[in-house]
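What follows is a short report on a single structure.
When a ligand or atom number is given, it counts from 1 through the structure's own listing order.
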Amino acid sequence: MKIFIDTANIEEIKEAVSIGIIDGVTTNPTLISREKSRPEDLFKQICSIVPGPVSAEVISLQADGMVGEARRLSEIAKNIVVKIPLVEDGLKAARILSQEGIRTNLTLCFSANQALLAAKCGASFISPFIGRLDDISLNGMELIRDIKTIYNNYGFKTEIIVASIRNPLHVLDAARIGADIATIPFKVCQQLIKHPLTDIGIKKFLEDYRSIPQNK
Ligand code: E4P
């Protein structure tokens, strides 16, 4: 499973990339609003740090506006993927952009039918938001299972990005299902690495090693 980092924070991206676990980045307008730089400058900087796909979201709600924004965003760097909300105009825009060879990530997906339509319109990626479904007592992972089944049934090439991940169990379940990608907040990346038994084990090994007599 590929791992994307779900942040627009340069320090977090650099840190995660230095560990060697990051295949791409997803951003959204909320994440961008937390940073000080202009969106275009931020996207350019992120694309120079991460060679994999970097999702940058459009703001327009009409298909022609989305397409115009997408064309401009895709000129920032080769690895920009244009994020488009999963509404009727978003599907229209995705179809046009896929014919132009501009990669899209259809976002704010909350149903398998939305994901089916996104794939039919040539979306490169689909982003089902599992955490937000869990938040309203629906099972987000069931949605991933359904999309995976549907895409397998018809051989769609659209890659599933498990989004709105809140904890390590979400990552584990995404991998069990065989999702293509999990996009993970920096905090959850750190949680994936940590295990208390690893820390206890290291401490004990070092203590025992130090107790070995010098002249042994
Ligand atoms: C993914 O593309 C989104 O940026 C993100 O995962 C949304 O997560 P949230 O529901 O925690 O805001």
| field | Close N or O approach (Ser164, ligand 1; < 3.5 Å) | value | yes

| request: Considering only non-hydrogen protein atoms, determine which one is nearest to atom 11 (O) of ligand 1 and report residue, atom name and distance to 0.1 Å. | output: Arg166 NH1, 2.5 Å

| Close N or O approach (Lys83, ligand 1; < 3.5 Å) | yes

| Does Asn167 offer a backbone N or O that forms a donor-acceptor pair with the side chain of Gln191 under 3.5 Å? | no

| said: Tell me whether Met66 shares a hydrophobic cluster with Ile59, the cluster being built from Ile, Leu, Val, Met, Phe, Trp, Tyr side chains joined at under 4.5 Å. | reply: no

| query | Would you say ligand 1 has an N or O under 3.5 Å from any N or O of Thr183? | reply | no

| remark: Note: Val82 and Ala70 closest approach over all heavy atoms is CG1-CB, 3.5 Å

| Would you say the side chain of Asp6 lies within less than 4.5 Å of the side chain of Leu31, judging by non-hydrogen atoms? | yes

| query | What are the two closest non-hydrogen atoms of Ala8 and Ile32, and how far apart are they? | reply | CB-CD1, 3.9 Å

| Residue, atom name and distance, where the atom is the protein heavy atom closest to atom 4 (O) of ligand 1 | Asn28 ND2, 2.7 Å

| remark: For atom 5 (C) of ligand 1, the closest protein heavy atom turns out to be Asp6 OD2, 2.9 Å

| query | So is Thr27 polar-close to ligand 1, meaning N/O to N/O under 3.5 Å? | reply | no

| Side chains of Val87 and Leu61: closer than 4.5 Å at any heavy-atom pair? | no

| field | Phe125 side chain reached by Thr104 side chain, heavy atoms, under 4.5 Å | value | no

| request: Please identify which atoms of ligand 1 are closer than 4.0 Å to at least one heavy atom of Phe129. | output: 1 (C), 3 (C), 7 (C)

| query | Which of the atoms in ligand 1, numbered in the order shown and given with their element, are less than 4.0 Å from a heavy-atom of Arg132? | reply | 7 (C), 9 (P), 10 (O), 12 (O)

